[in-house]
Amino acid sequence: MSGYNRYKENSIYSMSGPELLFLIYDEAIKRLTRAEISLDDKNYADFEDCLTRTSKIVRYLKEILDMSQPISYDLRRIYEYLIFDLSRVKAGRERRRDEIGRIRHILSELKEAFEGANKQVNDMHMVKETEIRG
C-alpha cells in the first residue's frame, strides 16, 4: 500500500461518526454530478458505474439506520425511494436525466439536515463558563 493510500485510510479511521456520514453523503453527491457529466459525454459505462456506486451508498445508508429511532422509518422510506429512482434513471438514461439533479438535491438536503442536527447537539454539550462566587 502506498504512503498516500495509508494516509487516506488512517484519516478515515480517525474520523468521528458524523464526519464519516458527511463523507458518505459527499461521495454520493459527487458520483451523481459525475454521472451527469458522463451522460453528457455519452460515456455510458462511467454513467452506469456512478449510478451503481451511488445506489450502493444509499443502500448502505439504509442498512446502518438505527431503527430504534423514530426518524429512521422516514429515512428508510426516503432511501428506498432514492434507490428505486436511481434504478429508473439508470434504465432510462437521457429520458430520466432531470431526475439526477433532483436525487442530488434530496441527498444534499439530508446531509445539511444531519449537519444542522450535529451542530445543535455539539452546541448543547458545550460547557458554559460560570463565575465562582464565594
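For the single chain, residues carry numbers from 1 onward in sequence order. The basis for the numbers below is simple: all heavy atoms, side chains too, and nothing from hydrogens, waters or symmetry mates.
In this structure the side chain of Leu51 reaches within 4.5 angstrom of the side chain of Leu32, judged on heavy atoms. Under the 4.5 Å side-chain criterion, counting only non-hydrogen atoms from C-beta, Leu110 is in contact with Leu75. In this structure, Leu107 and Arg104 have side chains that are not in contact, with every pair of non-hydrogen atoms separated by 4.5 Å or more. Contact annotation: the side chain of Leu61 approaches that of Tyr25 to within less than 4.5 Å [non-hydrogen atoms, C-beta and beyond]. Between Asp41 and Phe47 the shortest side-chain heavy-atom distance does not fall below 4.5 Å. Between Val58 and Tyr81 the shortest side-chain heavy-atom distance does not fall below 4.5 Å. For the pair Leu65 and Tyr79, the minimum side-chain heavy-atom distance is below 4.5 Å.
Other residues, nucleotides and ligands contribute only 12 or fewer heavy atoms inside 6.0 Å of the CZ atom of Phe84.
Between the CZ atom in Arg88 and the CD1 atom in Ile83 there is a gap of 14.5 Å [rounded to 0.5 Å]. Note that CD of Glu19 is 12.0 Å distant from CD1 of Ile24, once rounded to the nearest 0.5 Å. Between the CZ atom in Phe114 and the CG atom in Leu21 there is a gap of 5.5 Å [rounded to 0.5 Å]. Separation of atoms CG (Asp85) and CD1 (Ile78) is listed at 13.0 Å; rounding is to 0.5 Å. The distance from the CD1 atom of Ile103 to the CD1 atom of Ile29 is 12.0 Å, given to the nearest 0.5 Å.
With Ser72 contributing its side chain and Ser68 its backbone, the two residues share no donor-acceptor pair below 3.5 Å.
A salt bridge links Glu99 with Arg102: at least one charged nitrogen is closer than 4.0 Å to a carboxylate oxygen. Salt bridge present: Asp49 and Arg53 bring a charged side-chain N and a carboxylate O closer than 4.0 Å.
For the residue pair Asp46/Ser38, the side-chain donor-acceptor check at 3.5 Å is satisfied. A donor-acceptor contact under 3.5 angstrom links the side chains of Arg59 and Ser55, judged on distance only.
Partners of Arg31 under the side chain to side chain donor-acceptor pair (under 3.5 Å) rule, at least two apart in sequence or in another chain, are Glu27. Lys90 is linked by a side chain to side chain donor-acceptor pair (under 3.5 Å) to Thr52, counting only residues two or more places apart in sequence or in another chain.
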side-chain contact (heavy atoms from CB on, under 4.5 Å) between Val89 and Arg97, worked out: CA-CA 7 Å; Val89 170; Arg97 185 188 193 291; over 6 Å; no
Test salt bridge (Lys or Arg N to Asp or Glu O under 4.0 Å) applied to Lys111 and Glu115, step by step: CA-CA 6 Å; Lys111 180 189 174 213; Glu115 286 174 333; 3.4 Å; yes
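When every heavy atom of Thr54 is checked against every heavy atom of Ala28, the shortest pair comes out as OG1-O, 3.8 Å.
Under a hydrophobic-cluster definition in which Ile, Leu, Val, Met, Phe, Trp and Tyr are linked whenever side-chain heavy atoms come within less than 4.5 Å, directly or via other members, Ile37 and Ile57 are assigned to different clusters.
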